[in-house]
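Quick caveat: nothing in here was measured; it's all calculated off a predicted structure.
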Amino acid sequence: MSKTLLRALFVTLAATVLLLLSLGPAVRGAEEPAARKLVMGTSPDYPPYESVDAKNNGEIVGMDIDIAKHITSRLGYELEIAGMDFNGLIAALQTGRVDFVMSGMSVTEERQQSVTFSDSYYMARNTIVSRESDAYETAEQLSGKLVGSQLGSTQDQFAETIPGARQKKLNKIADLIQELNTRRIDAAIVEDAVALEMVDANPGLVMNFLPVSDDDNGYAIAFPKQTQLVGEFNRVLEEMRADGELQSIVDKWFGEKEEEAPGRRTGFLNVDFRVLDGYVPYILKGVYVTLLFTLVSALFGLIWGTILSLFKISGVKPLIAFATVYTSVFRGTPLLVQLTLIYYATPQLLGFDIPALMAAGLTFGLNSAAYLSETIRGGIMAVDKGQREAAIALGVPYRKMMVRIIFPQALRHILPALVNEFVALLKESSLVSVIGVTELMRRADVVRASTFRSFEALLLVAAIYYVLVLILTSLARMLERRLRRSD
């Protein structure tokens with residue numbers, strides 16, 4: 001390789017790193033070293049406790065949010081809210097990504113082994129939600145039935161104790177609704193306030209309360225072990241009970257709702273896109289995040305994949321071994337595992353609070369490079385040996401030969417494969433929703449949680465992905481035609 005090519009690769013790699021860094025803020029303490037800030041972890045798909053106000057400013061709102069804001073304000077802290085999946089909240093707490101968790105989380109013996117809880121701030125009831133045609137009123141009636149629950153929730157643990165019942169664990173409450181409506185499960189165990197929302201949004205469903213267990217400790221705030229915040233939060237909670245502020249917040253979110261116009265949720269095959277009224281702009285904002293993430297991942301993967309391919313054909317055994325092992329590891333482990341490892345392990349191992357979008361771009365770039373290195377190596381090896389022999393006979397230096405002769409021809413050979421990889425990156429970007437990146441799929445999940453309807457939001461997002469892929473493939477065809485004309 002020539003010095004010019006090396007310099008170009010270095011500059012491009014540096015630009016990619018800068019883009020990765022721009023995907024999220026630096027370490028929290030570096031921004032405002034003097035600020036007293038607390039980061040709260042929550043799963044904003046559990047109205048009325050926490051949900052995203054997608055029709056307005058996109059902020060996370062709910063009863064838990066109001067209580068947390070009131071407590072932190074009294075203690076003189078600035079509150080930052082981090083949204084993620086419910087089953088990742090404890091992990092985020094243990095790795096220091098968040099300072100406390102408030103997400104309708106019940107106190108259980110298993111959780112007490114990993115975290116410390118505050119005093120209870122609300123007592124909820126387990127509720128059976130089932131179809132009106134096959135209504136279940138008691139836990140005993142669920143014996144032999146397939147029961148759905150949200151993974152990691154108290155209702156999930158309760159469902160495990162129902163004699164003879166089979167379980168289906170899902171990440172989202174909206175998924176439980178979809179499974180009920182499509183008759184894939186017989187009933188769902190959820191909390192009473194959420195059950196009210198589910199039944200209100202789906203007239204074909206009914207709910208029945210279950211008796212309150214003596215072992216139920218209610219909802220509480222979770223903290224890391226050996227924290228100093230528990231006592232402060234408990235003191236403010238007690239003050240809120242005494243002055244009526246806690247009850248006022250509960251009444252605000254559990255008060256009576258305005259009746260919706262009749263016929264809102266009817267439509268052909270039970271599909272009514274009117275449920276998306278006010279949500280479409282929120283979903284469309286995810287296009288920018290998806291495209292930015294895909295661009296950075298593709299650029300980083302292409303540069304690093306090119307370097308790895310050069311390692312493989314270099315003839316230097318240590319470089320060949322490194323590139324081979326790297327490719328084997330990243331192609332041999334699931335992408336989702338790599339994503340969660342980088343996101344959760346980086347703060348624990350390196351002390352760097354890597355932003356979610358930056359972790360996603362880095363993971364997808366590293367993974368893509370493993371595949372592209374083989375594609376690029378194959379393209380280089382596919383160039384006729386006569387080209388190399390002719391260049392050597394003419395006295396063309398090796399590095400200049402690679403840049404001016406071999407690489408341009410290899411690019412023509414591998415262009416379709418490169419396009420396929422970029423298309424795959426665009427579609428697989430939906431995976432980053434599991435760590436809270438608000439791209440298209442995450443925003444669709446927010447709408448599903450708010451409307452308790454799945455098909456309409458998912459169909460809209462699928463159409464957006466399809467249009468983006470069509471645009472990308474059309475641009476690739478234009479580039480391919482131009483390269484052919486330049487032959």
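- Although no hydrogens or angles enter the test, the distance criterion places no donor-acceptor pair under 3.5 Å between the side chain of Ser73 and the main chain of His70.
- For the side chain to side chain donor-acceptor pair (under 3.5 Å) test, no residue two or more places apart in sequence or in another chain qualifies with Ser248.
- Residues satisfying the salt bridge (charged side-chain N to carboxylate O under 4.0 Å, His left out) criterion with Arg443, sequence neighbours excluded, are absent altogether.
- Sorted by first and then second residue, the side-chain hydrogen bond (donor to acceptor under 3.5 Å, both in side chains) pairs with a member in residues 221-231 form an empty list; sequence neighbours excluded.
- One finds the CG atom of Leu440 at 9.5 Å from the OG atom of Ser430 (value rounded to the nearest 0.5 Å).
- For Arg241, the salt bridge (charged side-chain N to carboxylate O under 4.0 Å, His left out) criterion is met by Glu238, not counting sequence neighbours.
- Between Phe364 and Phe293, the ring planes are perpendicular. Angles over 60° get that label, and only those under 30° would be called parallel.
- By the salt bridge (charged side-chain N to carboxylate O under 4.0 Å, His left out) test, Glu140 pairs with no residue at all, sequence neighbours left out.
- With sequence neighbours excluded, no residue forms a salt bridge (charged side-chain N to carboxylate O under 4.0 Å, His left out) with Glu245.
- Taking CG of Leu341 as the reference point, atom CG of Leu336 lies at 10.0 Å (rounded to 0.5 Å).
- Using the six-membered ring where Trp is involved, Trp304 and Tyr326 have ring planes that are perpendicular, over 60° apart on the 30 and 60° scheme.
- Counting heavy-atom neighbours within 6.0 Å of Glu109 CD, excluding the residue itself, gives a total of 12 or less.
- For the pair Thr161 (side chain) and Phe158 (backbone), a donor-acceptor distance under 3.5 Å is present.
- Here Asp134 pairs with Arg183 in a salt bridge; the nearest charged N to carboxylate O distance falls below 4.0 Å.
- Using a 4.0 Å cut-off between a side-chain N of Lys or Arg and a carboxylate O of Asp or Glu, Lys168 and Glu179 qualify as a salt bridge.
- Comment: Asp85 engages Arg442 in a salt bridge, judged by a side-chain N to carboxylate O separation of less than 4.0 angstrom.
- Residues Tyr49 and Tyr46 bring their aromatic ring centres within 6.0 Å.
- Under the salt bridge (charged side-chain N to carboxylate O under 4.0 Å, His left out) criterion, the residue pairs touching residues 40-50 are Asp45-Lys172, with sequence neighbours excluded.
- Residues satisfying the side chain to side chain donor-acceptor pair (under 3.5 Å) test with Tyr371, not counting sequence neighbours, are none.
- The salt bridge (charged side-chain N to carboxylate O under 4.0 Å, His left out) pairs that include a residue from residues 416-437 number zero, where partners must be two or more places apart or lie in different chains.
- A donor-acceptor pair is defined here as one N or O able to donate and one able to accept, closer than 3.5 Å; such a pair exists between the side chain of Asn202 and the backbone of Met198.
- Note that OH of Tyr344 is 7.5 Å distant from CZ of Arg97, once rounded to the nearest 0.5 Å.
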Side-chain donor-acceptor contacts of residues 229-237 below 3.5 Å, not counting sequence neighbours, with atom names and distances?
residue, atom, partner, partner atom, Å
Asn234, OD1, Asp119, N, 2.7
Asn234, ND2, Val230, O, 3.4
Arg235, NH1, Glu239, OE2, 3.4

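- Checked by atom type and distance alone, the side chain of Arg166 never pairs as donor or acceptor with a backbone atom of Ser143 at under 3.5 Å.
- Of the possible polar contacts, none joining the Thr346 side chain to the Tyr343 backbone as a donor-acceptor pair under 3.5 Å is found.
- Checked by atom type and distance alone, the side chain of Thr42 pairs as donor or acceptor with a backbone atom of Met102 at under 3.5 Å.
- With rounding to the nearest 0.5 angstrom, the CD1 atom of Ile435 is 8.0 Å from the CG atom of Leu357.
- Counting heavy-atom neighbours within 6.0 Å of Phe209 CZ, excluding the residue itself, gives a total above 12.
- Lys169 meets the side chain to side chain donor-acceptor pair (under 3.5 Å) test with Asp156, Glu160; sequence neighbours excluded.
- The side chain to side chain donor-acceptor pair (under 3.5 Å) check on Tyr465 picks up Glu439, with sequence neighbours excluded.
- Proximity of a side-chain donor or acceptor of Asp192 to a complementary backbone N or O of Thr127 within less than 3.5 Å is not detected.
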